[in-house]
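Notes to accompany the following structure.
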Amino acid sequence: MNKIAHFPAPSASLDVDVLRSFVAIVENGSIAAAADRVGRTAGAVSMQVKKLEDMLGRDLFERTRQGMSLTTQGERLLDYARRMIDLNREAMQAFSEPELDGTVSVGIVDSFKGERLAEVLGNFACCYPKATVNVAMSNTVNLVPDLDAGKHDVIMMTPGGMHAQRDGDIVVHEEPLVWIARENGRAMRARPVPISVAETGCAWRKLAMDSLTGAEIATRVAYISDHDSGQLAAVQADLAVAPMPRSYLQPGLIELGARDGYPKLGSARLVMRIAEGASGTARALAARIAESYGKCLDSGF
(Lines give C-alpha, C1' and ligand atoms only; values in the text may rest on other atoms or scores of the structure.)
Protein backbone atom coordinates (compact mmCIF):
# COMPACT_ATOMS: atom_id res chain seq x y z
CA MET A 1 0.00 0.00 0.00
CA ASN A 2 1.42 3.37 -1.05
CA LYS A 3 2.14 5.98 1.52
CA ILE A 4 0.17 9.20 1.59
CA ALA A 5 2.66 11.82 0.43
CA HIS A 6 3.45 14.64 2.79
CA PHE A 7 6.17 17.22 3.19
CA PRO A 8 9.00 16.36 5.63
CA ALA A 9 8.91 18.30 8.89
CA PRO A 10 11.03 21.50 8.81
CA SER A 11 13.25 20.14 11.58
CA ALA A 12 13.85 16.78 9.86
CA SER A 13 17.29 15.91 8.51
CA LEU A 14 18.72 13.02 6.54
CA ASP A 15 21.03 10.66 8.45
CA VAL A 16 24.15 9.73 6.45
CA ASP A 17 24.22 6.24 7.99
CA VAL A 18 20.64 5.67 6.84
CA LEU A 19 21.53 6.93 3.37
CA ARG A 20 24.45 4.47 3.26
CA SER A 21 22.01 1.64 3.92
CA PHE A 22 19.64 3.01 1.27
CA VAL A 23 22.42 3.12 -1.35
CA ALA A 24 23.66 -0.34 -0.31
CA ILE A 25 20.21 -1.81 -1.01
CA VAL A 26 20.17 -0.18 -4.43
CA GLU A 27 23.63 -1.47 -5.32
CA ASN A 28 23.20 -4.97 -3.85
CA GLY A 29 19.58 -5.67 -4.71
CA SER A 30 18.32 -6.82 -1.33
CA ILE A 31 18.18 -5.87 2.33
CA ALA A 32 20.14 -8.98 3.34
CA ALA A 33 23.04 -8.18 1.00
CA ALA A 34 22.99 -4.52 2.02
CA ALA A 35 23.07 -5.46 5.70
CA ASP A 36 26.23 -7.50 5.13
CA ARG A 37 27.84 -4.58 3.34
CA VAL A 38 27.09 -1.94 5.97
CA GLY A 39 27.70 -4.23 8.94
CA ARG A 40 24.17 -4.24 10.36
CA THR A 41 21.44 -6.83 10.75
CA ALA A 42 18.81 -7.16 8.05
CA GLY A 43 16.17 -6.09 10.60
CA ALA A 44 18.09 -2.91 11.44
CA VAL A 45 18.46 -1.99 7.75
CA SER A 46 14.78 -2.68 7.12
CA MET A 47 13.90 -0.38 10.04
CA GLN A 48 16.17 2.35 8.64
CA VAL A 49 14.38 2.22 5.30
CA LYS A 50 10.96 2.35 6.94
CA LYS A 51 11.92 5.42 9.00
CA LEU A 52 13.36 7.08 5.90
CA GLU A 53 10.17 6.44 3.94
CA ASP A 54 8.03 7.63 6.84
CA MET A 55 10.07 10.82 7.21
CA LEU A 56 9.91 11.65 3.49
CA GLY A 57 6.32 10.47 3.12
CA ARG A 58 7.19 8.50 0.00
CA ASP A 59 7.67 4.86 -1.00
CA LEU A 60 11.31 4.50 -2.07
CA PHE A 61 11.28 0.83 -3.07
CA GLU A 62 8.98 -1.62 -4.79
CA ARG A 63 9.29 -4.96 -3.01
CA THR A 64 8.92 -8.09 -5.16
CA ARG A 65 9.93 -11.73 -4.98
CA GLN A 66 12.90 -10.91 -7.18
CA GLY A 67 14.23 -8.26 -4.80
CA MET A 68 13.84 -4.53 -4.37
CA SER A 69 13.73 -1.91 -7.10
CA LEU A 70 13.55 1.85 -6.83
CA THR A 71 10.35 3.80 -7.26
CA THR A 72 10.43 7.12 -9.08
CA GLN A 73 10.82 8.87 -5.72
CA GLY A 74 13.61 6.46 -4.76
CA GLU A 75 15.49 7.33 -7.95
CA ARG A 76 15.03 10.97 -7.13
CA LEU A 77 16.64 10.45 -3.72
CA LEU A 78 19.53 8.28 -4.96
CA ASP A 79 21.63 11.05 -6.48
CA TYR A 80 21.23 13.22 -3.37
CA ALA A 81 22.16 10.28 -1.15
CA ARG A 82 25.36 9.51 -3.04
CA ARG A 83 26.44 13.14 -3.07
CA MET A 84 25.79 13.53 0.66
CA ILE A 85 27.75 10.35 1.46
CA ASP A 86 30.69 11.50 -0.67
CA LEU A 87 30.65 15.00 0.81
CA ASN A 88 30.50 13.62 4.35
CA ARG A 89 33.47 11.35 3.67
CA GLU A 90 35.51 14.18 2.13
CA ALA A 91 34.77 16.49 5.05
CA MET A 92 35.72 13.90 7.66
CA GLN A 93 38.91 13.01 5.83
CA ALA A 94 39.91 16.67 5.51
CA PHE A 95 39.92 17.08 9.29
CA SER A 96 40.97 13.64 10.46
CA GLU A 97 43.73 12.47 8.14
CA PRO A 98 47.31 12.86 9.40
CA GLU A 99 50.08 14.04 7.10
CA LEU A 100 51.56 10.85 5.65
CA ASP A 101 54.29 10.38 3.09
CA GLY A 102 56.72 7.72 1.93
CA THR A 103 56.22 4.84 -0.49
CA VAL A 104 53.71 2.04 -0.16
CA SER A 105 53.86 -1.08 -2.34
CA VAL A 106 50.62 -2.90 -3.11
CA GLY A 107 50.34 -6.15 -5.04
CA ILE A 108 47.04 -6.95 -6.72
CA VAL A 109 45.37 -9.78 -8.60
CA ASP A 110 43.29 -9.22 -11.73
CA SER A 111 40.08 -9.25 -9.68
CA PHE A 112 41.01 -5.82 -8.31
CA LYS A 113 41.70 -3.42 -11.14
CA GLY A 114 40.07 -1.04 -13.56
CA GLU A 115 37.62 1.55 -12.26
CA ARG A 116 37.85 0.35 -8.65
CA LEU A 117 41.64 0.68 -8.61
CA ALA A 118 41.40 4.12 -10.20
CA GLU A 119 38.87 5.19 -7.56
CA VAL A 120 41.08 3.98 -4.71
CA LEU A 121 44.25 5.60 -6.05
CA GLY A 122 42.48 8.87 -6.81
CA ASN A 123 40.92 9.06 -3.34
CA PHE A 124 44.22 8.16 -1.67
CA ALA A 125 46.15 10.77 -3.66
CA CYS A 126 43.69 13.50 -2.63
CA CYS A 127 44.16 12.66 1.05
CA TYR A 128 47.90 11.95 0.95
CA PRO A 129 49.48 13.96 -1.87
CA LYS A 130 53.00 13.39 -0.53
CA ALA A 131 52.77 9.58 -0.63
CA THR A 132 53.99 7.40 -3.49
CA VAL A 133 52.12 4.22 -4.44
CA ASN A 134 53.89 1.37 -6.24
CA VAL A 135 51.37 -1.03 -7.83
CA ALA A 136 52.38 -4.51 -8.99
CA MET A 137 49.98 -6.90 -10.72
CA SER A 138 50.58 -10.63 -10.28
CA ASN A 139 48.87 -13.80 -9.06
CA THR A 140 48.36 -15.01 -5.51
CA VAL A 141 51.05 -17.67 -5.91
CA ASN A 142 53.64 -14.90 -6.30
CA LEU A 143 52.08 -12.15 -4.21
CA VAL A 144 52.06 -14.05 -0.90
CA PRO A 145 55.79 -14.91 -0.83
CA ASP A 146 56.61 -11.38 -2.05
CA LEU A 147 54.68 -9.89 0.89
CA ASP A 148 56.35 -12.31 3.32
CA ALA A 149 59.73 -11.27 1.90
CA GLY A 150 58.97 -7.59 2.51
CA LYS A 151 58.46 -6.62 -1.15
CA HIS A 152 54.85 -5.50 -0.60
CA ASP A 153 53.05 -3.72 2.22
CA VAL A 154 49.55 -4.77 1.16
CA ILE A 155 48.28 -7.43 -1.22
CA MET A 156 44.91 -8.27 -2.71
CA MET A 157 44.71 -12.05 -3.15
CA THR A 158 42.37 -14.97 -3.80
CA PRO A 159 42.96 -17.53 -1.00
CA GLY A 160 42.95 -21.24 -1.63
CA GLY A 161 45.14 -23.44 -3.74
CA MET A 162 48.72 -23.04 -2.49
CA HIS A 163 47.92 -20.20 -0.11
CA ALA A 164 45.13 -20.50 2.45
CA GLN A 165 43.44 -17.61 4.19
CA ARG A 166 45.16 -16.59 7.45
CA ASP A 167 43.91 -15.11 10.69
CA GLY A 168 44.02 -11.36 10.25
CA ASP A 169 43.19 -11.42 6.54
CA ILE A 170 40.29 -9.19 5.58
CA VAL A 171 37.63 -10.55 3.21
CA VAL A 172 36.59 -7.52 1.17
CA HIS A 173 34.42 -9.32 -1.38
CA GLU A 174 32.83 -12.73 -1.90
CA GLU A 175 30.56 -14.02 -4.66
CA PRO A 176 29.70 -17.35 -6.31
CA LEU A 177 32.35 -18.97 -8.47
CA VAL A 178 30.58 -20.39 -11.52
CA TRP A 179 31.28 -22.16 -14.78
CA ILE A 180 31.24 -19.68 -17.67
CA ALA A 181 30.95 -20.73 -21.30
CA ARG A 182 30.20 -19.25 -24.68
CA GLU A 183 26.48 -19.28 -25.43
CA ASN A 184 25.55 -22.09 -27.84
CA GLY A 185 29.22 -23.09 -27.91
CA ARG A 186 30.82 -26.49 -28.40
CA ALA A 187 33.30 -26.39 -25.53
CA MET A 188 30.61 -26.73 -22.86
CA ARG A 189 29.45 -30.04 -24.37
CA ALA A 190 32.90 -31.49 -25.07
CA ARG A 191 34.27 -34.43 -23.08
CA PRO A 192 36.79 -34.36 -21.57
CA VAL A 193 35.76 -30.87 -20.49
CA PRO A 194 38.28 -28.30 -21.83
CA ILE A 195 38.90 -25.70 -19.13
CA SER A 196 40.65 -22.34 -19.09
CA VAL A 197 42.52 -21.71 -15.82
CA ALA A 198 45.61 -20.16 -14.26
CA GLU A 199 48.82 -21.95 -13.34
CA THR A 200 48.90 -24.67 -10.68
CA GLY A 201 48.35 -23.18 -7.24
CA CYS A 202 45.40 -20.96 -8.23
CA ALA A 203 42.41 -21.21 -5.87
CA TRP A 204 39.85 -21.16 -8.70
CA ARG A 205 41.74 -23.90 -10.56
CA LYS A 206 41.79 -26.13 -7.48
CA LEU A 207 38.06 -25.69 -6.89
CA ALA A 208 37.36 -26.49 -10.54
CA MET A 209 39.53 -29.60 -10.66
CA ASP A 210 38.28 -30.90 -7.31
CA SER A 211 34.62 -30.43 -8.26
CA LEU A 212 35.00 -32.18 -11.62
CA THR A 213 36.96 -35.04 -10.07
CA GLY A 214 34.33 -35.42 -7.35
CA ALA A 215 31.59 -35.57 -9.99
CA GLU A 216 33.65 -38.12 -11.98
CA ILE A 217 33.77 -35.84 -15.03
CA ALA A 218 36.85 -36.14 -17.25
CA THR A 219 38.65 -32.87 -17.90
CA ARG A 220 41.68 -31.42 -19.60
CA VAL A 221 43.42 -28.08 -19.21
CA ALA A 222 43.02 -26.49 -22.63
CA TYR A 223 44.21 -22.95 -21.92
CA ILE A 224 46.43 -21.45 -19.22
CA SER A 225 46.74 -17.77 -18.34
CA ASP A 226 47.55 -16.05 -15.07
CA HIS A 227 45.35 -13.13 -16.13
CA ASP A 228 41.57 -13.25 -15.93
CA SER A 229 41.28 -11.47 -19.28
CA GLY A 230 43.29 -14.25 -20.93
CA GLN A 231 41.13 -16.98 -19.45
CA LEU A 232 37.99 -15.13 -20.48
CA ALA A 233 39.32 -14.74 -24.04
CA ALA A 234 39.57 -18.52 -24.35
CA VAL A 235 35.93 -18.81 -23.28
CA GLN A 236 34.82 -16.14 -25.75
CA ALA A 237 36.69 -18.00 -28.52
CA ASP A 238 34.84 -21.20 -27.49
CA LEU A 239 38.12 -22.96 -26.73
CA ALA A 240 37.15 -23.83 -23.16
CA VAL A 241 34.88 -23.19 -20.19
CA ALA A 242 36.26 -21.40 -17.14
CA PRO A 243 35.64 -21.19 -13.40
CA MET A 244 35.15 -17.47 -12.74
CA PRO A 245 33.18 -15.13 -10.46
CA ARG A 246 29.58 -14.65 -11.59
CA SER A 247 30.18 -10.93 -12.11
CA TYR A 248 32.44 -11.82 -15.08
CA LEU A 249 29.40 -12.81 -17.13
CA GLN A 250 28.82 -10.58 -20.14
CA PRO A 251 26.76 -10.67 -23.36
CA GLY A 252 27.45 -13.83 -25.32
CA LEU A 253 28.47 -15.83 -22.24
CA ILE A 254 26.33 -18.05 -20.01
CA GLU A 255 26.54 -19.66 -16.59
CA LEU A 256 26.52 -23.46 -16.56
CA GLY A 257 24.87 -25.43 -13.77
CA ALA A 258 23.54 -28.81 -12.75
CA ARG A 259 21.12 -29.01 -15.68
CA ASP A 260 24.14 -28.73 -17.99
CA GLY A 261 26.02 -31.42 -16.10
CA TYR A 262 28.37 -29.11 -14.22
CA PRO A 263 28.91 -29.30 -10.42
CA LYS A 264 28.83 -26.36 -8.03
CA LEU A 265 32.12 -24.59 -7.39
CA GLY A 266 31.66 -22.66 -4.16
CA SER A 267 32.74 -19.06 -3.59
CA ALA A 268 35.36 -16.73 -5.01
CA ARG A 269 36.90 -14.58 -2.29
CA LEU A 270 38.97 -11.46 -2.61
CA VAL A 271 41.09 -10.98 0.49
CA MET A 272 43.37 -8.20 1.67
CA ARG A 273 46.52 -9.05 3.61
CA ILE A 274 48.62 -6.40 5.34
CA ALA A 275 52.27 -6.95 6.19
CA GLU A 276 53.27 -7.05 9.85
CA GLY A 277 54.66 -3.70 10.93
CA ALA A 278 53.14 -1.92 7.93
CA SER A 279 53.51 1.85 7.98
CA GLY A 280 50.69 4.28 8.61
CA THR A 281 50.72 5.12 4.92
CA ALA A 282 50.26 1.47 3.98
CA ARG A 283 47.43 1.08 6.49
CA ALA A 284 45.74 4.21 5.16
CA LEU A 285 45.83 2.74 1.65
CA ALA A 286 44.44 -0.55 3.00
CA ALA A 287 41.57 1.40 4.56
CA ARG A 288 40.79 3.04 1.20
CA ILE A 289 40.72 -0.36 -0.52
CA ALA A 290 38.36 -1.78 2.10
CA GLU A 291 36.17 1.32 1.85
CA SER A 292 35.78 0.80 -1.91
CA TYR A 293 34.04 -2.49 -1.07
CA GLY A 294 31.87 -0.96 1.64
CA LYS A 295 34.04 -2.25 4.49
CA CYS A 296 35.21 -0.05 7.33
CA LEU A 297 38.57 -0.68 9.01
CA ASP A 298 39.37 1.06 12.28
CA SER A 299 42.82 2.36 13.16
CA GLY A 300 43.63 -0.77 15.10
CA PHE A 301 43.46 -3.27 12.25
Side-chain angles (χ1 to χ4, degrees), residues 23-38 42 64-69 108-117 119 139-140 156-161 165 170-185 187-189 193-198 202-212 214-215 217 219 221-223 225-272 289-290 292-295:
V23 172
I25 294 172
V26 175
E27 295 179 349
N28 291 273
S30 71
I31 286 178
D36 181 62
R37 174 170 167 176
V38 300
T64 67
R65 291 183 179 179
Q66 288 71 39
M68 300 181 68
S69 59
I108 61 175
V109 291
D110 273 5
S111 306
F112 181 79
K113 62 181 182 180
E115 291 182 4
R116 191 181 298 277
L117 177 60
E119 174 191 342
N139 54 39
T140 298
M156 301 295 293
M157 58 175 282
T158 51
Q165 187 173 326
I170 300 143
V171 179
V172 296
H173 181 68
E174 185 171 7
E175 65 176 289
L177 188 71
V178 300
W179 293 105
I180 293 181
R182 179 170 167 175
E183 189 173 12
N184 298 319
M188 59 188 264
R189 295 187 293 272
V193 177
I195 61 173
S196 175
V197 289
C202 169
W204 300 352
R205 175 172 176 159
K206 186 176 188 307
L207 283 170
M209 301 299 283
D210 288 350
S211 68
L212 289 171
I217 298 174
T219 183
V221 176
Y223 190 88
S225 174
D226 277 340
H227 296 286
D228 298 355
S229 56
Q231 295 169 38
L232 203 57
V235 176
Q236 292 168 324
D238 199 22
L239 300 176
V241 300
M244 309 195 90
R246 182 174 284 157
S247 59
Y248 282 42
L249 284 167
Q250 54 187 260
L253 302 180
I254 59 171
E255 176 184 335
L256 303 175
R259 68 170 183 244
D260 307 297
Y262 283 80
K264 288 186 177 181
L265 285 169
S267 296
R269 285 186 173 185
L270 184 60
V271 164
M272 179 166 59
I289 292 172
S292 75
Y293 284 95
K295 307 290 183 179

### Message
Holding to side-chain hydrogen bond (donor to acceptor under 3.5 Å, both in side chains), I want the full list of residues that pass it with E183, two or more places apart in sequence or in another chain.
### Response
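With sequence neighbours excluded, E183 shows a side-chain hydrogen bond (donor to acceptor under 3.5 Å, both in side chains) to no residue whatsoever.
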#### Entry: Residues forming a side-chain hydrogen bond (donor to acceptor under 3.5 Å, both in side chains) with E255, sequence neighbours excluded
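Residues passing side-chain hydrogen bond (donor to acceptor under 3.5 Å, both in side chains) with E255: R246.
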Taking all atoms of both residues into account, what is the closest heavy-atom pair of [X] and [Y], and its distance?
X	Y	result
A222	A240	CB-CB, 4.3 Å
P243	S196	CD-O, 3.5 Å
A181	L256	CB-CD1, 3.7 Å
Y293	R37	O-CG, 4.4 Å
G261	I217	O-CD1, 3.2 Å
I31	M68	CG1-SD, 3.4 Å

How long is the span from the [atom1] atom in [X] to the [atom2] atom in [Y], to the nearest 0.5 Å?
X	Y	atom1	atom2	value
S211	L177	OG	CG	8.5 Å
D36	N28	CG	CG	8.5 Å
W204	T140	CH2	OG1	9.0 Å
N139	R205	CG	CZ	12.0 Å
I180	Y248	CD1	OH	9.0 Å
I254	D260	CD1	CG	6.0 Å

### Check: S292 main-chain N/O paired with E119 side-chain donor or acceptor under 3.5 Å
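Such a contact is absent between E119 side chain and S292 backbone.
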### Query
What do the steps show when you test M188 against W179 for side chain to side chain contact (heavy atoms under 4.5 Å, CB included), and what is the final call?
CA-CA 9 Å; M188 59 188 264; W179 293 105; over 6 Å; no
#### Entry: side chain to side chain contact (heavy atoms under 4.5 Å, CB included) between I195 and L212, intermediate numbers included
CA-CA 11 Å; I195 61 173; L212 289 171; 4.3 Å; yes
### Task
Could you go through the side chain to side chain contact (heavy atoms under 4.5 Å, CB included) check for M209 and V197 one step at a time?
CA-CA 10 Å; M209 301 299 283; V197 289; 5.9 Å; no
### Query
So do the side chains of L253 and L232 get within less than 4.5 Å of each other, counting heavy atoms only?
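Heavy-atom side-chain distance check passes, below 4.5 Å.
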Exercise answer: donor-acceptor pairs, residues 265-272 side-chain atoms, under 3.5 Å, sequence neighbours excluded:
residue, atom, partner, partner atom, Å
S267, OG, E174, OE2, 3.3
R269, NE, E174, OE1, 3.4
R269, NE, E174, OE2, 3.2
R269, NH1, Q165, OE1, 2.8

